Amino acid sequence: MKQPKVLIMMSTYNGERYINEQMDSLMAQVQVETQIYIRDDGSTDSTMENLRPYAEAYPDRIHIRSDHNLGVICSFFELMRSSPSTFDYYAFCDQDDVWEQDKLIRAITLLETMNSSIPLLYCSSTQMVDQHLNPIGVWPKVPQKQLTFHNALVENSCVGCTMVMNDITFNQIRGSLPSDFNEVIMHDWWIYLYVCTFGEVIFDEHPAIMYRQHQGNVLGGSRDGLIQKWRKRLDRFMNGNNHYILSRQARKFLTTYEDYLTRTQIEEMRNLLHILEKSVIHRLWYACKTPFHRQSILDNVVLKFVIIAGKL
């Protein structure tokens with residue numbers, strides 16, 4: 001039986017410490033035909049030296065290019081722009097995790113139960129581990145509410161390194177990327193929002209990735225306790241670090257895809273964006289009835305507070 005063709009896209013940056021473990025786990029994927037496209041985002045350590053033996057051993061499967069530093073968001077989008085469009089499925093990959101052997105085929109098996117004529121996206125929980133691969137906990141938990149446009153506009157419920165897209169998702173997004181990414185919060189959030197808006201997202205509670213947590217993480221889960229987690233969130237808000245990031249991304253999404261959105265979606269997005277310019281009384285009223293929501297009760301309360309404060 002013909003195996004599904006999967007393109008794995010990995011952006012690397014100073015990943016010499018763990019890159020070999022990740023590459024070994026990618027090469028060990030079963031029941032799929034894989035190619036790996038790697039864009040090094042200007043590493044200054046021996047990441048490229050560690051990768052070259054893999055490219056030399058598998059020249060038809062591993063493709064590596066070193067480029068100047070763009071940052072994680074632009075680097076992954078650049079991978080999408082420069083990768084071939086001839087695969088059945090496309091997966092993002094971080095440089096310091098370890099995948100279970102059936103990570104890809106499990107995702108594909110679930111995706112093949114869905115409507116293949118629309119954009120589809122698979123994502124899952126992860127097994128968080130420390131730098132020595134000792135288990136810490138499972139994150140994120142299964143979302144309690146549906147993964148819809150009304151959630152995705154204000155919260156990212158999908159972890160990028162678990163994502164697997166069908167070819168429709170990949171090609172549609174690649175063909176309509178914004179001219180700049182200054183207002184995009186994260187590449188995985190943008191893709192999650194797109195598929196929630198125009199297709200379907202499936203969340204797998206089984207963690208098929210060991211998601212390594214260490215001091216060198218650019219982004220990722222957190223080992224913080226609840227109090228510490230919320231103290232950091234409050235500090236970021238009080239310092240203004242997160243002000244207006246949701247509204248900027250929403251506005252960019254609206255201008256990019258307005259021709260394809262439904263009239264209701266356009267109206268709801270405009271109502272959200274325009275309410276931020278209104279008085280606090282209007283914002284309070286809107287926060288009580290907004291259709292946009294986050295997964296947890298506490299996160300949803302925070303969302304309403306940010307709307308009322310006019311800092312979305």
Side-chain angles (χ1 to χ4, degrees), residues 8-15 39 41-42 69-81 83 90-97 119 121-126 128 139-140 143 147-165 169-170 172-174 176-199 201 203 209 211-213 216-222 224 229 232-233 236-237 240-257 269 292 294-296 299 302-303 306 311-312:
I8 301 170
M9 295 170 286
M10 177 162 60
S11 175
T12 59
Y13 179 72
N14 290 350
R39 181 189 181 278
D41 196 34
N69 185 268
L70 296 176
V72 63
I73 300 173
C74 292
S75 188
F76 272 107
F77 278 136
E78 182 59 31
L79 272 167
M80 292 187 74
R81 279 177 169 162
S83 295
Y90 297 80
F92 284 139
C93 176
D94 286 352
Q95 65 186 4
D96 43 15
D97 302 329
L121 176 66
Y122 165 97
C123 55
S124 74
S125 298
T126 69
M128 291 175 62
W139 176 87
L147 303 182
T148 65
F149 162 74
H150 292 107
N151 173 229
L153 195 74
V154 294
E155 180 181 27
N156 183 16
S157 297
C158 291
V159 183
C161 60
T162 72
M163 286 181 165
V164 179
M165 299 168 268
T169 298
F170 176 82
Q172 286 187 1
I173 293 177
R174 187 175 77 154
S176 59
L177 288 172
S179 57
D180 66 83
F181 306 114
N182 294 332
E183 287 142 357
V184 176
I185 299 173
M186 276 301 295
H187 61 284
D188 54 357
W189 195 333
W190 186 267
I191 292 168
Y192 170 60
L193 174 55
Y194 182 92
V195 181
C196 280
T197 304
F198 300 109
V201 177
F203 190 99
I209 290 181
Y211 190 30
R212 199 188 309 254
Q213 303 296 295
N217 278 96
V218 176
L219 298 160
S222 174
D224 296 337
K229 169 186 173 181
K232 287 182 177 180
R233 285 189 176 187
R236 287 196 299 269
F237 181 80
N241 295 342
N242 290 345
H243 291 180
Y244 311 114
I245 61 173
L246 291 174
S247 57
R248 286 199 298 264
Q249 178 168 268
R251 189 171 287 108
K252 173 64 74 172
F253 191 84
L254 177 59
T255 57
T256 303
Y257 299 115
M269 292 180 73
F292 298 104
R294 291 178 174 172
Q295 291 292 327
S296 77
D299 279 340
V302 171
L303 172 64
V306 173
K311 305 295 184 181
L312 189 70

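Remember, it's a predicted structure, so these values are computed and weren't measured experimentally.
Note: W139 and Y211 have parallel aromatic rings, judged against thresholds of 30 and 60 degrees for the angle between ring planes.
Here the CD1 atom belonging to I185 is positioned 8.5 Å from the CG atom belonging to N156, to the nearest 0.5 angstrom. Here the straight-line distance linking atom CG of L121 with atom OG1 of T162 works out to 7.5 Å at 0.5 Å rounding. Here the CG-SG distance, from L177 to C74, works out to 10.5 Å after rounding to the nearest 0.5 Å. Separation of atoms NE2 (H187) and CE (M163) is listed at 7.5 Å; rounding is to 0.5 Å. For the atom pair NE2 of H150 and CZ of R294, the computed distance is 15.5 Å after rounding to the nearest 0.5 Å.
Distance alone, capped at 3.5 Å, places no donor-acceptor pair between the D188 side chain and the V159 backbone. Checked by atom type and distance alone, the side chain of R174 pairs as donor or acceptor with a backbone atom of S83 at under 3.5 Å. The backbone N or O of G160 sits nowhere less than 3.5 Å from a side-chain atom of W189 that would complete a donor-acceptor pair.
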Problem set entry | Intermediate values then yes/no, ring pair (Phe, Tyr, Trp, His ring centres under 6.0 Å), F198 and F149 | CA-CA 8 Å; F198 300 109; F149 162 74; 8.7 Å; no

For this session: Report the C-alpha distance between T169 and Y194 in whole Å, list the side-chain angles of each, state the deciding distance to 0.1 Å, and finish with yes or no for side chain to side chain donor-acceptor pair (under 3.5 Å).
Result: CA-CA 8 Å; T169 298; Y194 182 92; over 6 Å; no

For this session: Apply side chain to side chain contact (heavy atoms under 4.5 Å, CB included) to Y13 and S75, showing your working.
Result: CA-CA 10 Å; Y13 179 72; S75 188; over 6 Å; no

For this session: With side chain to side chain contact (heavy atoms under 4.5 Å, CB included) as the test, would you mind laying out the steps for F253 and L193 before giving the verdict?
Result: CA-CA 9 Å; F253 191 84; L193 174 55; 3.5 Å; yes

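F181 pairs with exactly one of F76, F77, W190 by the ring pair (Phe, Tyr, Trp, His ring centres under 6.0 Å) rule, that one being F77.
A 4.5 Å side-chain heavy-atom check between M186 and V72 finds at least one atom pair inside the cut-off. Side-chain atoms of E183 and Y244, non-hydrogen and from C-beta on, never get closer than 4.5 Å to each other. By the 4.5 Å heavy-atom criterion applied to side chains, L79 and M10 are not counted as neighbours. In this structure the side chain of T12 never reaches within 4.5 angstrom of the side chain of R39, judged on heavy atoms. By the 4.5 Å heavy-atom criterion applied to side chains, Q295 and L147 are counted as neighbours. The closest side-chain heavy-atom distance from C123 to V201 is below 4.5 Å. Inter-residue side-chain proximity for E155 and L303 is flagged as unmet; no heavy-atom pair is nearer than 4.5 Å.
In terms of the ring pair (Phe, Tyr, Trp, His ring centres under 6.0 Å) criterion, F203 has no residue partners (sequence neighbours excluded).
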